[in-house]
Q: 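I have a structure here, written as structure tokens, and I will follow up with some questions on it.
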Amino acid sequence: MPERAESIFASGAQPLRFNAPERTPWLYSITIFLSAFLLFLVQPMVARRILPWFGGANSVWTTCMLFFQALLLGGYFYSHKLITVRGGGVWHILLLGWGAAMAPLLWLVRAPEGGSPILAVLQTLIVAAGVPYIVLSSTGPLIQAWFARRYPSTPPYGLFALSNTGSLLGLLAYPLLIEPWIGVEMQLRVWAAGFAVFAVCCGWIAWQARNLRPAFSETVGKLSSAVREAPEHPWVSYIVLPALSSALLLAVTNHLTQNIAPIPFLWVLPLTIYLLTFILCFDRRELYSPALFHPLTMVALGGMVWTTLQMDPESTVRLAIPVFSGGLFVVCMFCHGELARRKPEAAQLTRFYLMLSVGGATGALLVAVGAPYLLKGIFELPIVLTVCAMVALFLNYRKHWVTDLLWTATAVGVLVGASLHILAISAGNLHMSRNFYGAIRVTESGGARHMIHGTVRHGIQFLEEARRLQPTAYYGRQSGIGQLLLQKPSPRVGVIGLGVGTLAVYARPGDEYTFYELDPQVVECAQRDFTFLSSSKGRIRLITGDGRLSVERETSRRFDVLAVDAFSGDSIPVHLITREAFQLYRRRLKADGVLAIHISNSSLDLSPVAAGLAQDMGRPSYLVADPGSSGQHTTASYWALIPMNDEKMPGTLMKNSAPCVSGPMITAICCASCGTDRTAGNGKLGGLNIRTEAPIVTGATRGSPWAGRMRRGAGTG
């Protein structure tokens, strides 16, 4: 976020010190702190609000970041123009009033119908948060400019530091203090109230500034005469370096949320690192040492590329989070540190702001919009890492033969590693495609055809004619859902998540199976490359759209069995495993129906979540574990079965299961949104407080007959 860079421009070569608060009028301090706090608080808050409307896809967050970067650019442009106009304070008061009137739309806006998901997300964000966000993003430059003009003898350094503090606190407050304890709609109402307080404070400052002389550039020139001319590659760097850091931020976020879960913690962690590097490089410029961070950048780039080559999802949490978080920190320190070294004269200040914003928005645009439409796989991370290595080589070439050799070796190594990763995924595919919801590919090996979503195998079908209708993958006859459908009469079955349609083989003549699938390319793949649907003996209904919303619309339909089997990569969309969602499932089940939740996962143990949600409904839950069989192409799987009536649950199935354990869960890094819908209230599920605990464990669930196998089976397929 380029706003973090403001401090160094006014402070010259000295680090900022907020050591004279008595010289800064309290209203300016409150206003700039509130603006920064609300600016970074609203980002995860709005994304969390709209996430269920788009199937819980991890691309929702990257599209939100594109929106935020673009509006940040708009806010800087607006402030740049406004400070040159006499009476600009009056115009800003009008904009503040408009923003305060639009703020309540954050909780009133509803999901759009149809159209491109990316355009739908952007449209929703513009309506809900467009004007308030522009107002907030313009506040930093405006308040600092007005302060410098109103109090020319007082350096506004404290305001810069206070703005940085507010930004970090706002970003960290959401996953740690707000999201676990307050419902989504109440979060937005409180935010709107905070915006109203900010608008009043900022409006009073704007009224005082309405007659100030528009001579900001001269004032800044006096305050920062020590700023030197950039030594080399200045203006190109002002766009390229922030574009690289922004693109890497979104690429890393995409990688983590695709392979773990699209949850606020994994949104906020990379963004916090990104913001922190801006603060360290511009507010405390002495902390960036090229002698230290140049070799660290070489190691970080190589380490991240090496990690992308490790295709074992079992190591996702243990390896990927620390490697990519640390790598993002080091590379962003390099990009932002080199930016700080190339800062322009103070007369070029506003142009520098705009170019940094253009670079940040460009990087976000390439990852959020360009990658899904231009790349057939999730290749943006290795591509961005390669470009980072090439740019670093360009910036440091011909300074010393040793560094030339090291940077060249790094660039070549990263290029080779990225190419191997892309070739390994692209080679030997019958079909490969990507859209907003992810990337899928179809391969053949071992006498079977496979559908892979991200890095996880989601469907298998034998090529041999005699075995083509044999259930495979997570849906074999010994799996929880397989035993349930074989032993319980189920003329009407609902399935959230299509995959390749394997469950259709269990349909008997006269049965009706309804599949709800969000991703159109999955539907196309299941109908084109697999025959489970076309060969089914029952009636098959396919409904395209988010499973939870689609089930909610079918008010007249009640199922004997409702299976929740939706995945994005290796993660279950969190809005499908919440209290609110489970209450909906119960309303769509018959009195003797059974809810089946597929909880296999290589990173998260969701058995305690399923158990707690079942207890919240007053129902027991049973865990059925299947170790799988390589000869039958069945995968180790875990299903949680929740009967609405115990007497109708097959006795043999109950004997083959173990009660789901509702706690205690191991405290970990994941936020509690995996376990409860924040609109549901107090967050207590059967006596288990899941606000501060998360369903990540290092082994299998207690009581599981196949201890230790959940992680291996769910990840590798």
Side-chain angles (χ1 to χ4, degrees), residues 1-7 9-10 27-43 46 67-103 106 125-126 128-150 156 159-160 162-164 166-167 170 191-192 194-210 212 214 216-217 219-220 242 275 278 349-361:
M1 300 296 173
E3 184 180 353
R4 305 303 100 221
E6 295 167 12
S7 53
F9 307 142
L27 189 59
Y28 285 82
S29 300
I30 292 175
T31 303
I32 203 164
F33 178 86
L34 270 179
S35 69
F37 183 83
L38 294 172
L39 184 72
F40 281 84
L41 180 64
V42 76
Q43 296 183 17
V46 171
F67 169 82
F68 297 137
Q69 290 276 25
L71 260 65
L72 189 67
L73 172 59
Y76 282 169
F77 182 79
Y78 164 79
S79 61
H80 168 63
K81 291 298 183 182
L82 191 69
I83 61 176
T84 63
V85 178
R86 182 177 293 276
V90 176
W91 292 104
H92 195 61
I93 290 173
L94 296 177
L95 185 64
L96 285 166
W98 188 11
M102 296 291 289
L106 283 170
L125 292 172
I126 289 172
V131 177
Y133 197 87
I134 285 183
V135 172
L136 290 172
S137 63
S138 67
T139 300
L142 279 178
I143 293 297
Q144 293 158 18
W146 286 336
F147 182 89
R149 289 158 56 188
R150 186 174 178 83
L159 295 178
F160 298 138
L162 195 58
S163 178
N164 290 335
S167 299
W191 187 90
F195 186 91
V197 174
F198 153 77
V200 171
C201 297
C202 190
W204 181 248
I205 293 175
W207 178 255
Q208 293 176 331
R210 68 190 185 281
L212 291 178
F216 176 56
S217 60
T219 303
V220 173
L275 174 60
F278 255 118
L349 175 64
T350 54
R351 183 184 178 191
F352 182 75
Y353 277 149
L354 290 175
M355 296 190 76
L356 259 64
S357 299
V358 168

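Since the structure is predicted, the reported quantities are computational estimates derived from the model, not experimental observations.
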Q: Which heavy-atom pair separates L142 from S79 by the least distance, and what is that distance?
A: CG-CB, 3.7 Å
Q: If the condition is side-chain contact (heavy atoms from CB on, under 4.5 Å), which residues does I143 pass it with, not counting sequence neighbours?
A: Y28, T31, I32, T139, W146, L159, C202, I205
Q: I need the minimum non-hydrogen distance between L125 and F67, along with the two atoms involved.
A: O-CZ, 3.5 Å
Q: What residues form a side-chain contact (heavy atoms from CB on, under 4.5 Å) with I30, not counting sequence neighbours?
A: W26, L34, C201
Q: With a 4.5 Å cut-off on side-chain heavy atoms, are S167 and L39 touching?
A: no
Q: Measure the CZ-CG distance between F68 and L136 for me, rounded to the nearest 0.5 Å.
A: 11.0 Å
Q: Between atom CD1 of I93 and atom CH2 of W207, what is the distance when rounded to the nearest 0.5 Å?
A: 6.0 Å
Q: So, using ring pair (Phe, Tyr, Trp, His ring centres under 6.0 Å) as the criterion, who are the partners of F198 when residues are at least two apart?
A: F195
Q: Checking Y78 now: which residues fulfil ring pair (Phe, Tyr, Trp, His ring centres under 6.0 Å) with it, not counting sequence neighbours?
A: H92
Q: Which atom names give the shortest non-hydrogen contact between A103 and W191, and what distance separates them?
A: CB-CZ3, 4.2 Å
Q: If I compare all heavy atoms of P242 with all of L356, which pair ends up nearest, and what's the gap?
A: CB-O, 3.8 Å
